[in-house]
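Some notes on the structure that comes next.
Residue indices begin at 1 and follow the sequence shown. Note that the coordinates shown come from a computational prediction; the quantities given were computed from them, not determined experimentally.
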Amino acid sequence: MFNKLVCSAEAISHYTGKCVAWLTLAMMLITCLIVLLRYGFDIGSIALQESVLYLHAMVFMLGAAYTFKDDEHVRVDVFYRDFSASKKAWVNIIGGIFFLLPFTLYTAYLSMDYVSASWRVFETSPEPGGLPFVYLLKTLIPMMMISLIIQGTADILKNIGVVNAARTAKGQN
């Protein structure tokens with residue numbers, strides 16, 4: 001049962017990460033367009049500039065769980081890299097339970113009033129000609145936390161499986 005939950009969570013993270021990765025191409029193309037318009041035709045667009053900001057936020061926030069799933073996040077692994085698989089699993093379990101989950105749950109909780117206040121007024125950019133979707137941008141905060149909670153829980157369960165497998169192998173020897 002745990003394997004099915006882990007596989008489902010990782011499939012969601014994988015699919016989301018692969019889809020979001022394409023936004024980097026859009027971000028690059030829009031940035032080139034901004035530069036071309038600005039320096040080639042002396043045309044500026046706040047909306048285009050903000051769209052790059054929105055895309056960057058989407059890539060970072062919606063891609064966080066994918067990055068975590070593939071263990072590509074920033075880790076200070078001075079000792080960790082030399083640990084056995086079982087010790088690494090314990091570090092990941094403890095880190096997930098005592099750091100990742102409390103942080104993400106608390107941040108999700110704190111962001112709800114912030115995001116709902118933005119939705120109540122359909123917050124828009126303070127810049128003239130800016131994008132009218134600030135409320136959608138702010139919604140990425142709890143979405144990021146929810147995706148990290150799902151992936152973090154899957155990671156904890158996966159590492160419990162690693163610890164149990166190591167115990168089983170040790171008991172058979």
(request) Evaluate side chain to side chain contact (heavy atoms under 4.5 Å, CB included) for Leu136 paired with Trp119, printing each intermediate quantity in order. (result) CA-CA 8 Å; Leu136 293 174; Trp119 270 88; 3.6 Å; yes
(message) Could you check whether any side-chain N or O of Thr24 sits under 3.5 Å from a backbone N or O of Ala21, counting only pairs where one atom can act as donor and the other as acceptor?
(response) yes
(message) Minimum heavy-atom separation for Gln151 and Ser13, please, with both atom names.
(response) OE1-OG, 2.7 Å
(request) Mind jotting down which residue pairs meet the salt bridge (Lys or Arg N to Asp or Glu O under 4.0 Å) criterion with at least one end in residues 106-117? Sequence neighbours excluded, please. (result) none
(message) When you group the ILVMFWY residues by side-chain heavy-atom contacts below 4.5 Å and let the links chain together, are Phe68 and Tyr66 in the same group?
(response) no
(request) Search all heavy atoms of Ser51 against all heavy atoms of Ile30 and return the closest pair with its distance. (result) OG-CG2, 3.6 Å
(request) Take Leu101 and Ile156, measure what side chain to side chain contact (heavy atoms under 4.5 Å, CB included) needs, and give me the verdict at the end. (result) CA-CA 10 Å; Leu101 290 181; Ile156 291 167; 3.6 Å; yes
(request) Report the distance from atom SG of Cys7 to atom CG of Leu157, rounding to the nearest 0.5 Å. (result) 11.0 Å
(request) State the CG-CZ distance between Asn92 and Phe99, to the nearest 0.5 angstrom. (result) 12.5 Å
(message) His56: which residues meet the ring pair (Phe, Tyr, Trp, His ring centres under 6.0 Å) condition with it, sequence neighbours left out?
(response) none
(message) For the OG1 atom of Thr31 and the CG atom of Leu36, what is their distance to the nearest 0.5 Å?
(response) 12.5 Å
(message) To the closest 0.5 Å, what do you measure between OG1 (Thr107) and CD1 (Ile146)?
(response) 12.0 Å
(request) Can you see which heavy atom on Leu137 is nearest to which on Ala57, and at what distance? (result) CD1-CB, 3.6 Å
(request) For Leu48 and Leu37, run side chain to side chain contact (heavy atoms under 4.5 Å, CB included): C-alpha distance rounded to whole Å, both residues' side-chain angles, the deciding distance at 0.1 Å, then the answer. (result) CA-CA 10 Å; Leu48 278 177; Leu37 290 174; 3.8 Å; yes
(message) To check you understand the geometry: which heavy-atom pair defines the closest contact between Ala89 and Asn159, and what is its length?
(response) CA-OD1, 3.3 Å
(request) Determine whether Tyr114 and Leu105 fall in the same hydrophobic cluster, where Ile, Leu, Val, Met, Phe, Trp and Tyr are linked whenever their side-chain heavy atoms lie under 4.5 Å apart. (result) no
(message) So, taking the atom named OH in Tyr39 and the one named CD1 in Ile34, what distance separates them when rounded to the nearest 0.5 Å?
(response) 11.0 Å
(message) I'd like to check Ser147 versus Thr16 (side-chain heavy atoms, cut-off strictly below 4.5 Å). Are they in contact?
(response) no
(request) Can you establish whether the number of heavy atoms outside Phe83 located under 6.0 Å from its atom CZ is more than 12? (result) yes
(message) Donor-acceptor check, side chain of Thr139 to backbone of Tyr135, threshold 3.5 angstrom: yes or no?
(response) yes
(request) Would you name the heavy atoms of Val134 and Thr124 that are closest together and state the gap between them? (result) CG2-C, 3.4 Å
(message) Under a 3.5 Å distance rule, please check whether Ser111 uses its side chain to pair with a backbone N or O of Ala108 as donor and acceptor.
(response) yes
(message) So, using side chain to side chain donor-acceptor pair (under 3.5 Å) as the criterion, who are the partners of Lys88 when residues are at least two apart?
(response) none
(message) Hydrophobic cluster membership, with links at side-chain heavy-atom distances under 4.5 Å among I/L/V/M/F/W/Y: are Ile149 and Met61 in one?
(response) no
(request) Would you please name every residue forming a salt bridge (charged side-chain N to carboxylate O under 4.0 Å, His left out) with Lys138, sequence neighbours left out? (result) Glu123
(request) Can you tell me which residue pairs pass the salt bridge (Lys or Arg N to Asp or Glu O under 4.0 Å) test with a partner in residues 9-21, sequence neighbours excluded? (result) Glu10-Lys158
(request) Spell out, yes or no, whether Phe133 and Leu55 are grouped together once hydrophobic residues are joined by side-chain heavy atoms under 4.5 Å, including indirect joins. (result) yes
(request) Carefully, step by step, assess Leu29 and Leu33 under the rule side chain to side chain contact (heavy atoms under 4.5 Å, CB included). (result) CA-CA 6 Å; Leu29 293 173; Leu33 178 62; over 6 Å; no
(request) Working to the nearest 0.5 Å, report the span between SG of Cys32 and CE of Met27. (result) 11.5 Å
(message) Once ring pair (Phe, Tyr, Trp, His ring centres under 6.0 Å) is applied, do any residues pair with Tyr54, and if so which ones, sequence neighbours excluded?
(response) none
(message) For a quick test of reading the model, state the closest non-hydrogen atom pair linking Pro128 to Ile46 and the distance between them.
(response) O-CG1, 3.8 Å
(message) Hydrophobic clusters here meaning ILVMFWY residues chained together by side-chain heavy-atom distances under 4.5 Å, can you tell me if Val59 and Met145 are in one?
(response) yes
